[in-house]
Amino acid sequence: MLNEKMKNALTDQVNEEFYSAYLYLSMSAYFSKIGLKGFANWMMVQYKEEVDHGMKMFNYILSRGEDVKLHTIKEPPTEWESPLQVFEETLNHEQHITERINYLIDVAEEVKDRATYNFLQWFIDEQVEEEENDREIIDRLKFIGDNGNGLFMLDRDLGTRTYTPLTNEEA
Ligand code: FEO
């Protein structure tokens, strides 16, 4: 059993995570379209990670004996001005997700739900890592500026990112 407010907030977060997946999938398509295959790969890995986050949240609600009523996923944008703009939007979005996770923790504390409080700690750590990754790429993109060679090298680096599924304990 979950407190109603807690359950609703967690269900909203399932939607937030799946929207994140959609957003990054759309960004991956954008990068493919402009010929940056490494960037497209990086975003495709990010898409898969967001699906994992959504599923982790979904499975947790079920594990507490609740049903899950899924909401409509809104349509993501499809066009950006530059790789830098994409990553600035990515960082903004992740900061929004961090605020959402902090809100969930506030609710867990408010309703004294220790199990959910503990469950959410994994997401806190994940958000720190995600924001850090985005900042690092933004810094590199700013440093590169209009240098085509630099962009080519970054594209090659981002192409090496691989997807690692969550372990059984993490999922
Ligand atoms: Fe699921 Fe990127 O936070």
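In listed order, ligands and their atoms are each counted from 1. For this chain, numbers begin at 1 and follow the sequence in order. All of these numbers come straight from a predicted model, not from anything done at the bench.
Salt bridge Lys5/Glu110: present, at least one basic N to carboxylate O contact under 4.0 Å.
Of all protein N, O or S atoms, those under 2.8 Å from atom 1 (Fe) of ligand 1 number 3.
Judged as a ring pair (Phe, Tyr, Trp, His ring centres under 6.0 Å), and not counting sequence neighbours, Phe18 has no contacts.
Sorted by first and then second residue, the pairs that involve residues 86-107 and meet salt bridge (Lys or Arg N to Asp or Glu O under 4.0 Å), not counting sequence neighbours, are Glu16-Arg100.
Between Gln46 and Asn133, every side-chain heavy-atom pair lies at or beyond the 4.5 Å cut-off. Val86 is listed as a side-chain neighbour of Phe31, based on a closest heavy-atom distance under 4.5 Å.
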Using a 3.5 Å cut-off and no angle test, enumerate the donor-acceptor pairs between side-chain atoms of residues 68-79 and protein atoms at least two apart in sequence or in another chain.
{"residue": "His71", "atom": "NE2", "partner": "Asp12", "partner atom": "OD1", "Å": "3.2"}
{"residue": "Glu79", "atom": "OE1", "partner": "Lys33", "partner atom": "NZ", "Å": "3.4"}
{"residue": "Glu79", "atom": "OE2", "partner": "Lys33", "partner atom": "NZ", "Å": "2.5"}

